[in-house]
S.K.: 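I'd like to ask some things about the structure below.
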Amino acid sequence: MPKVELSTTFAHRDVDSKWYAFWDSIGAFRADPTSGRPPFTMVLPPPNVTGRLHIGHALNQTLPDIIARWRRMKGDDVLWLPGTDHAGIATQNVVEAQLAKEGKSRHDIGREAFEARVWDWARESKGTIIGQMRTLGSSVDWSRERFTLDDDLSRAVRRVFVTLYREGLIYRGKYIVNWCPRCRTALSDLEVVHRETHGKLYHVRYPLVGREGSITVATTRPETMLGDTAVAVHADDERYRDAVGSRLRLPLLGRELPVVADDFVDPEFGTGAVKVTPAHDPNDFEMGKRHDLPQVAVIDEDGRMTEAAGPFAGLDRWKARAAVVQALEREGALEKVEDHRHAVGHCQRCRTVVEPLVSTQWFVKIAPLAEPAIDAVRDKRIRFVPEHWAKTYFEWMTNIHDWCISRQLWWGHRIPAWYCDACDRILVEEETPDRCACGGALRQETDVLDTWFSSGLWPFSTMGWPTPTADLERYYPTTLMITGLDIIFFWVARMIMLGLKFGGDVPFRTVYITSLVRDEHGQKMSKSKGNVVNPLELMDEIGADALRFALTALASPGMDIALSEGRLRGSRQFVNKIWNASRFVLMQLRDDEPRPEVPERPAELAHRWILHRISQLSAEVGDALDTFRFDVAADRLYHFFWHEYADWYIELVKPHVQAEGPARETAVAVLLEVHDRVLRLLHPIIPFVTEEVWQQLPRRPELETGRTPGGQRQTITLATFPTSVPAWLDEGAAADMAAVQAMITAIRTIRAEWGVPRSRPITVILEGASDLARSRFETARDDLTRLAGVAQLEFQDQVARDPETVVRVLGDVRLHVPLAGIVDRRAEAARIEKALAKVVKQQAADAAKLANPKFRARAAADVVAETEARVTGLAQQRQALEELLEELSR
RNA sequence: GGGCGGUUAGCUCAGUGGUAGAGCACCGGCUUUACACGCCGGCUGUCACAGGUUCGAAUCCUGUACCGCCCACCA
C-alpha cells in the first residue's frame, strides 16, 4: 500500500517558494555570533540597483550559496551578508534615460527632485533583486542586508575619506582626466574602455618662423592642433637637430610654437615630430610640464570648441575635426592623410568617446596603498583561485596611477569637503561644519564619489565599521569572496587596499574568481545578438534547482561557461530523476512503520556495495567543495545518483524491499540511509527538491540532525553534511559488484546484438569460472534472472562447442548462451574478429613494453606487475577468441 | 605593445606521467507497475602542429599556428 502518490514530474513552481519562505521564517540563514561554532563569512558582491539580475549573477550567487549551505551543514556559523550598490553613474544614467523619454533632463527637475526619483527607482530595483535572489535560493542573512547609501555605510565612507585626506593620501588638484562629455563627469582610468577604431593619421605642415622650411607632424586628432603649444622631436633625431629651439607658426591660428626636444617622442613613428597639446592629451600634459608649456583648452566639458579655438569656437568636436581638416587643406598645410587603426577610449557607461581634459578633481594616491596590497597576495595572506589570477592582479597593481574619485554626478556620496567663500580654506570633515574658522560661510563640494569608493569598504562597512561592533570582531576578515573576473580591478583590488588600511587586516582569505557565462557556442550574451538568457524566465520553466545544477556542473575553474539548452535540459531531467527515485523510495514505506536501523555489515552484496560507494562519494564531494571544484562535485553526484544508485542499486533492491521479514527491513534501512545521505550531499547544489523530499523521509529520533533554532521543524538545510563512514568501506564488495555488473551487461549486450527479447528466457553456461567467480555469480543468480533474463545458470569446466551458441570472453570466464535458430555465423565471426583485433593490438603494445629492459628497470614495480597481469589476461582472451573464430569459420 | 587563457568525440567540456572520458546529439531495441524529463544496448577520437625530456607524454619543456579575454599615454 503506497504511502504517497506524487506527480511524475517535480512541480518546482509549487514547491520552491514554499521552502524559501520556511527557511526564512525559522531564521535558518541567520548568523549567530553566540553559537560557539566557528564563523564562516562571505559578503555578497552587491548587485547594482540598475534593474534586474542576469545569468552571470545567477552563477555568482549559486557558487557562494553552495559554499554557504555546505559550511552551514558542516556546522559552521555562516554569515553570508547581502546588499546592493547604488552604482552612481550607472543608476543615474538609467533614471536620466527614463526622464529623457518624458522629454526632460535632470537639470529641468533639479538636484533634489532628481535624487528623490533615483531613490524611488533604487528601492524598486532592490525589491526586484531580492525577489530574484529568493527564487534562486540564495541563503543570505537578510537581517543584515545593507545598501551602500545607508546612513552607517555613508559614515564609513566619510571616515575613510577624511582619514585619507588628513594623511595626504587624498588630494585635490588640476590635472588631465578622462572626461565623458555626455555624462559630463570625470572618469577613472578603469571606466574608460579602449576600442580598436579605424581612424586616420593626418600629416600637417608647420612652417618655421624666420627661415625657410617646415616640420610636418602626424596626428589622429587634427582639431586639437588649435590647442598646440609646442612641437616635440627626439633629441637624437638628426632630421630635426637644427630645428630644436627654433619656432614654428601654427597653421590656421598663426600662433608661434617652440620646437622642444623630448625623449618621449619615437623617431620611428609618423614623421618623428609630435604636436604637443597639453590640455587635451595625457602625454602632452606631462610633456608640457617638463617644458613649462602653457595649456590652451580648446574643447569644453560638453565636447564643444572653446573661444580659444578662434573661428571654430562653438563647433562640436567632430564637426570641428572636419572643419579643421578642410581649412588645413585650403591653406595647403595638409600634406597627406593615411588610414590608421588605433585604440580610442570610450565611456564605459554610455560609449561616448572620452575627452582628455584639464580639470580640478579629487584623487587617491595609490602607491602607498598598493604596496601592502601586493604583499598580502604575494605572501598568500590572500589566495586567488584559480591561482593564475594573482598574476593579473600583480600586473595591474604595479602599473596603476592615482585614482580619480570625484564625479560630477548627483547620485552618490557627496564629498565631505567645504569651501570657504571668505578665505581659501577647504574643510574636510566627517560631520557638516557650521562655518569656517575665519567666520566665513561654507559651501559643500557638489561632486560625489566614484561608486567603487564605497564598494571598496563593503567587507567592513557592512559590519558596522568604524564602530567596533560584535559582528566586525567576529566576522572580519571574511573567509571567502566569490566574484566575477570583470571586477578584479574595480573592486577586488580596492577592497584589498582599503581593507588592509582600515579594516586592519585582509578583507578576505580567499578570492574565487568566477567565469563568464556565455551562450551555447561560447558567444558573449548581448541584447543585440538576442542570445540573452533571463534567469527568472528560465527558473520558471525548469526550476531553480535545474538552473543551479547546470551552472555548477559547468563551472570549471578558469573556463568560461557555455550554457547550452542541452545542458539545461539534462539538468532538469536530473532533478526529475531525483524526484522519481524519491517517489520510489517513499512508495516502499508503510504507514507507521518505524525506520529500521542499518545493520553493521549487511549480508547482501548490493547493500554492502552501495554503503561503500556512498561513503566514498561523501569524501569526494567534500574534497571537491573544499577545493572549489564545483564541477567535480556536481559530476560525481550526478553519476552516482543516476548510474549507480538508481540504475543499479534501486533495481537490485526492489525484490528485497517488496518482500517480508528481515530482508525487507535491511533493504528499507539501507535504502533510506543512502537516500537520506545523498539528498544531503546534493542539497547545497539543489536545495529545493532535496528539502521537499527530505521532509517526507521517516527519521529515527537518535538520528535527528536538522537542528533548528527554537526547536521548530527539522530542515535539511541544517542537517549534518555526510562524511565518509570508514566501517562501510568495502573494496571486496566493490570488486564483486563490478563482476556482476559486467556479467549482466554482457548478457544484455548479447540480447541486443541478436535481438533476443526480454520475454524469451535464456540459458547461460559459465565455463572455467574460478571459485571466486563461481561464488560471485552463484550469489547473484536471482539478479541475473531478473535483470538479464537468465532462466538457467550453469557452471561447467568444459563446454562442448556448438555453432548455435554465442560465446563471449569475460576475464577468465567464458560465457555461453545457446541461441538455436538465431545465430548467424558470419555476423558472429565478424564480431569476434573485431574483438580479437582489439585484443591483439593491446597485447602487442603491452608485450613491447615488457620486452623493453629499460621499462622493467625503471618503471614503478606496480606498473610492471599490472602490465604483466594484463598481458597474461590478454593472451588468454586472444587464445579463446582465436579458437572461437576457427570454429565459426569451419 | 604587454599579460593571461584555450585548442581532446558532431556540439559543450572533464582528464597533470602508466590501456582516451562525461553530458548532449546520433543509431538499434523496449507500454519492465519510480521516472518516455524513462529503461536496455551500441557507434564515435592522427588529444592543433613541430621538436625535446622520459622505459612511457593528452598530461612535463621549447617553439609555431589559430581562437578568445584583459591591460596599455606611440601621436
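Quick note on labels: first sequence line is chain A, next is B, and so on, each numbered from 1.
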S.K.: Indicate, with yes or no, if the rings of A/Phe363 and A/His401 have centres closer together than 6.0 Å.
M.R.: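 No, ring centres 6.0 Å or more apart.
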
S.K.: Look at all strands and tell whether A/Asp266 reaches a base, only sugar-phosphate, or nothing, counting heavy atoms closer than 4.0 Å.
M.R.: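 Here A/Asp266 touches the bases of the nucleic acid.
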
S.K.: Take atom P in B/rC69 and the same atom in B/rC60, then report the distance between them in whole Å.
M.R.: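 My reading of the P atoms in B/rC69 and B/rC60 gives 25 Å.
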
S.K.: Strictly by Watson-Crick or wobble contacts shorter than 3.5 Å, is anything paired with B/rG21, and which nucleotide is it?
M.R.: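 Paired with B/rC13.
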
S.K.: Do A/Arg786's NZ or CZ and the ring of A/Trp648 fall within the cation-pi criteria of under 6.0 Å and 45°?
M.R.: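 The answer is no; the distance or angle limit is not met.
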
S.K.: Can you check the distance between B/rG42 and B/rC24, where both ends of the measurement are the P atom (answer in whole Å)?
M.R.: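 Going atom to atom, P in each nucleotide, I get 16 Å.
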
S.K.: Under 3.5 Å, is there a donor-acceptor pair between the A/Asp402 and A/Tyr175 side chains?
M.R.: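 No - no donor-acceptor pair under 3.5 Å links their side chains.
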
S.K.: Counting the benzene-type ring for Trp, do A/Phe630 and A/Phe549 have ring centres under 6.0 Å apart?
M.R.: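 Ring-ring flag for A/Phe630/A/Phe549: false, centres at least 6.0 Å apart.
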
S.K.: Rounded to whole angstrom units, what separation is found between the CD1 atom of A/Ile488 and the C1' atom of B/rG3?
M.R.: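 A/Ile488 atom CD1 is separated from B/rG3 atom C1' by 13 Å.
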
S.K.: Rounded to whole Å, how long is the line connecting atom CD of A/Gln658 with atom P of B/rA34?
M.R.: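 For the pair A/Gln658 CD and B/rA34 P, the rounded distance is 7 Å.
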
S.K.: Please confirm whether the shortest side-chain N or O distance from A/Arg748 to OP1 or OP2 of B/rG41 is below 4.0 Å.
M.R.: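 Yes, because at least one side-chain N or O of A/Arg748 sits under 4.0 Å from OP1 or OP2 of B/rG41.
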
S.K.: Output the rounded distance in Å from CG (A/Leu787) to P (B/rC40).
M.R.: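 Value for this atom pair: 10 Å.
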
S.K.: Counting side-chain heavy atoms from CB outward, which of B/rC69, B/rC30, B/rC37 is closest to A/Arg758?
M.R.: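 The answer is B/rC30, which lies nearest to the side chain.
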
S.K.: Can you tabulate the close N/O pairs, meaning under 3.5 Å, that link protein atoms to atoms of nucleotides 18-22 of chain B?
M.R.:
from	atom 1	to	atom 2	distance (Å)
B/rU19	O2	A/Gln842	OE1	3.2
B/rU19	O2	A/Gln842	NE2	3.1

S.K.: Give a yes/no answer on whether the side chain of A/Arg629 brings an N or O atom under 4.0 Å of OP1 or OP2 in B/rG15.
M.R.: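 Result: yes.
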
S.K.: Closest approach to the side chain of A/Ser556, judged atom by atom: which nucleotide of B/rA72, B/rC35, B/rA14 is it?
M.R.: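 Nearest to the side chain of A/Ser556 among the choices is B/rA14.
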
S.K.: Can you check the distance between B/rG41 and B/rA22, where both ends of the measurement are the P atom (answer in whole Å)?
M.R.: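 Nearest-Å result for B/rG41 against B/rA22 at atom P: 13 Å.
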
S.K.: Check this one for me: any side-chain N or O of A/Trp642 less than 4.0 Å away from OP1 or OP2 of B/rC39?
M.R.: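 Checking A/Trp642 against B/rC39: at least one side-chain N or O falls below 4.0 Å of OP1 or OP2.
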
S.K.: Using purine N1 to pyrimidine N3 plus N6-O4 or O6-N4 for Watson-Crick, or N1-O2 and O6-N3 for G-U wobble, both under 3.5 Å, which nucleotide pairs with B/rA57?
M.R.: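 Check on B/rA57: unpaired, no WC or wobble geometry under 3.5 Å.
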
S.K.: In whole Å, what is the span from the CH2 atom of A/Trp648 to the P atom of B/rC40?
M.R.: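 So the CH2-P distance, A/Trp648 to B/rC40, works out to 8 Å.
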
S.K.: Output yes when at least one side-chain N/O atom of A/Lys654 is less than 4.0 Å from OP1 or OP2 of B/rA34, else no.
M.R.: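 The answer is yes; a side-chain N or O of A/Lys654 sits under 4.0 Å from OP1 or OP2.
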
S.K.: Centroid separation under 6.0 Å, is that true for the rings of A/Phe10 and A/Trp579?
M.R.: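 Judged by ring-centre distance (under 6.0 Å), A/Trp579 and A/Phe10 do meet the cut-off.
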
S.K.: With a 4.0 Å limit, can you tell me whether A/Thr749 has a side-chain N or O closer than that to the phosphate oxygens OP1/OP2 of B/rC40?
M.R.: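 False: A/Thr749 side-chain N/O out of range (4.0 Å or more) of B/rC40 OP1/OP2.
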
S.K.: Examine the side chains of A/His340 and A/Thr220 and answer whether a donor and an acceptor come within less than 3.5 Å of each other.
M.R.: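 On atom types as modelled, these side chains do not qualify, holding no pair under 3.5 Å.
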
S.K.: Using a heavy-atom cut-off of under 4.0 Å over every strand shown, decide if A/Ala553 touches base, sugar-phosphate, or nothing.
M.R.: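 Counting heavy atoms under 4.0 Å across all strands, no contact is made by A/Ala553.
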
S.K.: Give one of base, sugar-phosphate or nothing for A/Asp284, where a contact means two heavy atoms less than 4.0 Å apart.
M.R.: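 A/Asp284: no heavy atom of the nucleic acid under 4.0 Å.
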
S.K.: Which value, in whole Å, describes the distance between the C1' atoms of nucleotides B/rA34 and B/rC39?
M.R.: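 Pairwise C1' distance, B/rA34 against B/rC39, rounds to 12 Å.
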
S.K.: Within less than 4.0 Å of OP1 or OP2 of B/rC39, is there a side-chain N or O belonging to A/Lys577?
M.R.: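 Yes, such a contact exists.
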
S.K.: Looking at every strand, decide which applies to A/Arg636 at a 4.0 Å heavy-atom threshold: base, sugar-phosphate, or nothing.
M.R.: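 Touches nothing.
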
S.K.: Per the atom types in the model, does the base of B/rA34 pair as donor or acceptor with the side chain of A/Glu651 at under 3.5 Å?
M.R.: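 Checked by distance alone, the answer is yes.
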
S.K.: For this output row, return yes or no: ring centroids of A/Tyr638 and A/Trp642 closer than 6.0 angstrom.
M.R.: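 When the ring centroids of A/Tyr638 and A/Trp642 are compared, they turn out to be within the sub-6.0 Å range.
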
S.K.: If the C1' atom of B/rG1 is compared with that of B/rU53, how far apart are they to the nearest Å?
M.R.: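 Pairwise C1' distance, B/rG1 against B/rU53, rounds to 33 Å.
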
S.K.: Side chain of A/Thr219: nearest nucleotide among B/rA75, B/rC13, B/rG5?
M.R.: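 My answer, after comparing the listed nucleotides, is B/rA75.
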
S.K.: How long is the line joining CG of A/Asn580 and P of B/rA34, in whole Å?
M.R.: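 Computing the A/Asn580:CG to B/rA34:P distance gives 10 Å.
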
S.K.: Return the nearest nucleotide to the side chain of A/His388; candidates are B/rC71, B/rG5, B/rA34.
M.R.: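 Shortest atom-to-atom distance from the side chain points to B/rG5.
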
S.K.: Looking for any heavy atom pair under 4.0 Å, which part of the strands does A/Ser564 touch: base, sugar-phosphate only, or nothing?
M.R.: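 Touches nothing.
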
S.K.: Would you mind classifying the nucleic acid contact of A/Phe489 as base, sugar-phosphate or nothing, using non-hydrogen atoms under 4.0 angstrom?
M.R.: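 Sugar-phosphate, no base atom in range.
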
S.K.: Which nucleotide in the set B/rG5, B/rA34, B/rA75 lies at the smallest distance from any side-chain heavy atom of A/Ile650?
M.R.: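 Nearest listed nucleotide: B/rA34.
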
S.K.: Picking from B/rC35, B/rC13, B/rA75, which would you name as closest to the side chain of A/Val274?
M.R.: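 Among the listed nucleotides, the one closest to the side chain of A/Val274 is B/rA75.
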
S.K.: For A/Gln843, answer base if it contacts any base atom (sugar-phosphate contacts may also be present), sugar-phosphate if it contacts only those atoms, and nothing otherwise; contact means non-hydrogen atoms under 4.0 Å.
M.R.: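 Contact class for A/Gln843: none.
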
S.K.: How far does the P atom of B/rU64 sit from the matching atom of B/rA72, given to the nearest Å?
M.R.: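 Comparing P positions in B/rU64 and B/rA72 gives a spacing of 26 Å.
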
S.K.: Give one of base, sugar-phosphate or nothing for A/Thr745, where a contact means two heavy atoms less than 4.0 Å apart.
M.R.: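 Sugar-phosphate contact only.
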
S.K.: Just to verify, what does A/Lys834 make a salt bridge (charged side-chain N to carboxylate O under 4.0 Å, His left out) with, not counting sequence neighbours?
M.R.: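 A/Lys834: no salt bridge (charged side-chain N to carboxylate O under 4.0 Å, His left out) contacts found.
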
S.K.: Identify the nucleotide, in any strand shown, that forms a Watson-Crick or G-U wobble pair with B/rG63, with both distances under 3.5 Å; if there is none, say none.
M.R.: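 B/rG63 is paired, partner B/rC49.
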
S.K.: Consider only side-chain N and O atoms of A/His291 and A/Asp262, and report whether a donor and an acceptor are under 3.5 Å apart.
M.R.: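 Result is yes, a qualifying pair exists.
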
S.K.: On a whole-Å scale, what distance lies between the P atoms belonging to B/rG2 and B/rG18?
M.R.: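 One P to the other, the span is 36 Å.
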
S.K.: Under 6.0 Å from the six-membered ring centre of A/Trp754 and within 45° of its axis: does the NZ or CZ of A/Arg831 meet both?
M.R.: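 The answer is yes, since A/Arg831 meets both limits relative to A/Trp754.
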
S.K.: State which of B/rG41, B/rC35, B/rA34 makes the closest approach to the side chain of A/Thr8.
M.R.: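 The answer is B/rC35, which lies nearest to the side chain.
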
S.K.: I'd like the C1' distance from B/rU54 over to B/rA58, given in whole Å.
M.R.: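 Comparing C1' positions in B/rA58 and B/rU54 gives a spacing of 16 Å.
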
S.K.: Tell me the partner of B/rG1, counting only Watson-Crick (N1-N3 plus N6-O4 or O6-N4) or G-U wobble (N1-O2 and O6-N3) with both under 3.5 Å; none if nothing fits.
M.R.: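 Pairing partner, where one exists within any strand: B/rC71.
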
S.K.: Would you mind writing out the side-chain donor-acceptor pairs for residues 835-849 of chain A within the sub-3.5 Å range, not counting sequence neighbours?
M.R.:
from	atom 1	to	atom 2	distance (Å)
A/Gln843	OE1	A/Arg878	NH1	2.7
A/Asp846	OD1	A/Arg870	NH2	3.0
A/Asp846	OD2	A/Arg870	NE	2.8

S.K.: Between atom CZ in A/Phe10 and atom P in B/rA36, what is the gap in whole Å?
M.R.: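 Computing the A/Phe10:CZ to B/rA36:P distance gives 17 Å.
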
